[in-house]
S.K.: 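There's a structure below that I have some questions on.
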Number of protein chains: 2
Amino acid sequence: MIPSPASSERFPRMMGEFDLIKTYFTRPTKRAVLGVGDDCALLALAPGMHLATSTDMLVEGRHFLSTVDPYRLGHKALAVNLSDLAACGARPLAFTLALALPSVDEKFLEGFSQGLLDLAQAHDCELIGGDTTRGPLNLCITVFGEVPAGQALLRSGARVGDDVYVSGALGDARLALEVLCGRLNLPSNGLELTRRALELPQPRVSLGMALRGLAHSAIDLSDGLLGDLHHVLLASGVGARLNVDAVPCSSLLQEQPIDWQHECTLAGGDDYELLFTAAPESAPAVQALAAAQGIPLTCIAQIIASERPGELRLHDKHGAKVVNQWHSFDHFAAVNT
Amino acid sequence: MIPSPASSERFPRMMGEFDLIKTYFTRPTKRAVLGVGDDCALLALAPGMHLATSTDMLVEGRHFLSTVDPYRLGHKALAVNLSDLAACGARPLAFTLALALPSVDEKFLEGFSQGLLDLAQAHDCELIGGDTTRGPLNLCITVFGEVPAGQALLRSGARVGDDVYVSGALGDARLALEVLCGRLNLPSNGLELTRRALELPQPRVSLGMALRGLAHSAIDLSDGLLGDLHHVLLASGVGARLNVDAVPCSSLLQEQPIDWQHECTLAGGDDYELLFTAAPESAPAVQALAAAQGIPLTCIAQIIASERPGELRLHDKHGAKVVNQWHSFDHFAAVNT
């Protein structure tokens with residue numbers, strides 16, 4: 001802590017760090033042994049469970065626009081982390097929040113905490129600790145889940161012959177971003193519809209848990225389909241053959257020129273759907289799961305043996321080869337090219 | 001992820017996000033079930049153990065100066081988190097790192113990761129996951145430790161009659177900061193000596209573990225002694241009587257005017273020593289522990305019953321009352337006064 005001379009003044013009249021935490025971010029915990037307010041939070045794991053953990057940092061201008069509604073920002077900050085738990089097949093338990101704020105903006109904090117805690121409650125995931133500081137707006141959440149030992153879904157489990165599935169529809173988040181940035185137009189209600197995909201993604205938590213024992217590998221789609229699939233292929237030491245026209249997208253995106261469709265579905269990012277691989281003989285079980293969960297699960301590719309792990313062969317619905325002209329999001333790529 | 005048009009260019013020639021993680025922040029894990037490189041990391045807890053977790057965010061200009069040596073910044077970023085585990089009596093297991101960087105500065109990353117991982121190795125604490133993004137420099141670490149169920153040291157356990165101890169010497173970090181900011185002068189080697197306290201704090205991990213079953217309550221000193229003690233008093237529903245002249249400080253600080261001594265020791269912040277309370281009859285055991293660990297443990301106060309929980313009565317070595325004119329660091333207090 002670097003105190004400025006001004007900080008030697010007596011207690012503030014307005015909200016300070018500890019009031020802020022107490023007002024907006026302290027809730028009774030049901031499941032954690034100890035929640036917000038001590039040096040550490042304490043969690044107990046049920047016997048036979050492993051702890052699954054993931055951390056994501058969101059920065060203004062990189063992960064969200066300055067105009068975003070605070071409620072939706074709170075929702076999304078937790079959603080992207082829950083999506084990582086989903087990709088491992090883990091059940092959410094708890095999370096911590098570290099927050100840098102330029103100033104105490106109570107209107108922002110009210111909306112942000114509400115969006116955050118509403119989603120947390122929907123997934124029975126408790127806020128158990130955190131940190132607040134002054135600085136350029138930055139949100140860092142670490143999420144904790146539990147998964148039976150040996151049953152976590154990993155990127156490294158894809159097997160030759162597996163079908164590759166994605167949940168839901170891809171590309172709407174990117175479509176909304178293009179509209180918000182003024183690079184595309186949509187019919188009147190189109191922005192609000194796609195904007196929900198960008199700002200209120202629904203992490204596929206129950207789907208992830210249901211995929212334990214069925215999927216051989218899984219990842220969540222955050223940086224763009226092709227790049228995220230590439231991670232699975234590399235980790236598994238295999239390749240894939242992918243039908244670019246099989247990738248599911250919304251009717252709004254289907255009305256866009258084919259180049260935009262492909263850009264948004266293949267390299268759009270921010271989808272927070274699950275990609276997973278499963279044996280071909282599991283196809284009926286996968287479709288039964290889709291029906292049970294009310295979530296489309298679409299087969300878009302097959303895992304192939306390859307001498308170049310990570311190899312990705314693209315083709316269209318006619319079987320014609322498609323050149324991979326897309327790449328997924330890399331936070332530092334744009335800076336250094 | 002909000003891609004800029006520039007990010008649609010093909011793969012970068014310079015280091016991207018995933019190379020950066022692989023080069024600087026991926027090490028084989030010995031203890032974690034799964035480390036860096038999947039959607040989640042996986043940790044197993046030994047039977048009967050609770051998970052202790054804490055998160056701290058460090059922002060340039062608030063928690064460190066822009067001139068800080070990257071190695072020391074890496075050390076400190078983890079040290080402040082390990083200090084929270086120490087305050088709970090937990091044994092470090094692992095940590096995650098989220099890092100926002102203005103650009104890929106390999107010289108910075110090399111020093112930073114070395115300082116971080118050297119301290120991690122010293123405490124057998126593995127880096128198991130994280131996130132990197134572009135943005136104003138921001139470091140967020142979440143640390144995981146284990147503590148036998150029911151044995152965690154809490155802020156809420158102080159009992160009337162307890163002695164209040166602090167480890168080590170307080171105030172040198174603040175003294176260094178005052179010199180660095182040009183508000184104080186020290187003899188030639190004084191800055192380097194005190195600067196080590198500011199930039200290379202040693203978290204009291206083994207002391208924290210040894211205090212299990214001996215201390216009734218504990219907290220780590222990060223925001224200033226009086227403020228941190230106040231947290232213990234409030235959480236425990238008690239008051240304290242504290243001898244301001246009993247607070248241990250270095251010989252360098254002893255040479256400073258008494259007002260500066262008190263400012264630095266009582267409200268300095270960034271000490272990362274432990275404050276704990278223990279029964280008077282435990283005094284010999286506390287001193288035996290001090291000898292065994294080679295760390296001074298100094299009794300500075302007594303816990304008293306109070307109708308106003310949090311009440312703090314200060315006196316000097318002659319027993320004369322001292323008015324509390326200090327307050328501890330609050331990240332938003334300075335902004336709002």
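Since the structure is predicted, the reported quantities are computational estimates derived from the model, not experimental observations. In what follows, chains are A, B, ... by sequence order, proteins preceding strands, each numbered from 1. Both backbone and side-chain heavy atoms feed into the values below; hydrogens, waters and symmetry mates do not.
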S.K.: Identify which part of A:Val147 has an atom lying under 4.5 Å from any heavy atom of chain B, answering side chain, backbone, both or neither.
M.R.: side chain
S.K.: Using the test ring pair (Phe, Tyr, Trp, His ring centres under 6.0 Å), find all partners of B:Phe144 that sit at least two apart in sequence or belong to another chain.
M.R.: A:Phe144
S.K.: With a 3.5 Å distance limit and no angle check, can you tell me whether B:Asp228 reaches the backbone of B:Asp223 through a side-chain donor-acceptor pair?
M.R.: yes
S.K.: Using non-hydrogen atoms only, which part of B:Ala41 is less than 4.5 Å away from chain A: side chain, backbone, both, or neither?
M.R.: both
S.K.: Just by modelled atom types, is the A:Arg155 backbone N or O under 3.5 Å from a matching donor or acceptor in the A:Ser236 side chain?
M.R.: yes
S.K.: Tell me which of these, A:Leu58, A:Leu45, A:Ile219, has more heavy-atom pairs under 4.5 Å with chain B than the rest.
M.R.: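 Of A:Leu58, A:Leu45, A:Ile219, A:Ile219 has the most heavy-atom pairs under 4.5 Å with chain B.
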S.K.: Please identify, among A:Val59, A:Leu153, A:Thr55, the residue contributing the most non-hydrogen atom pairs under 4.5 Å to chain B.
M.R.: A:Thr55
S.K.: Kindly state each residue pair satisfying side chain to side chain donor-acceptor pair (under 3.5 Å) with at least one member in residues 42-54 of chain A, sequence neighbours excluded.
M.R.: A:Ser54-A:Asp84
S.K.: I'd like to know if A:Arg174 and A:Asp270 make a salt bridge, using a cut-off of under 4.0 Å between side-chain N and carboxylate O.
M.R.: no
S.K.: Hey, which of B:Ser156, B:Cys140, B:Ala173, B:Gly145 has the most heavy atom pairs under 4.5 Å with chain A?
M.R.: B:Cys140
S.K.: Looking at side-chain heavy atoms only, is the closest gap between B:Tyr272 and B:Leu221 below 4.5 Å?
M.R.: no
S.K.: Is chain B contacted by the side chain of A:Ala52, its backbone, both, or neither, given a heavy-atom distance below 4.5 Å?
M.R.: both
S.K.: For A:Ala86, is it the side chain, the backbone, both, or neither that has a heavy atom closer than 4.5 Å to a heavy atom of chain B?
M.R.: neither
S.K.: Given heavy-atom pairs under 4.5 angstrom as the criterion, report whether the side chain, backbone, both or neither of A:Leu85 touches chain B.
M.R.: both
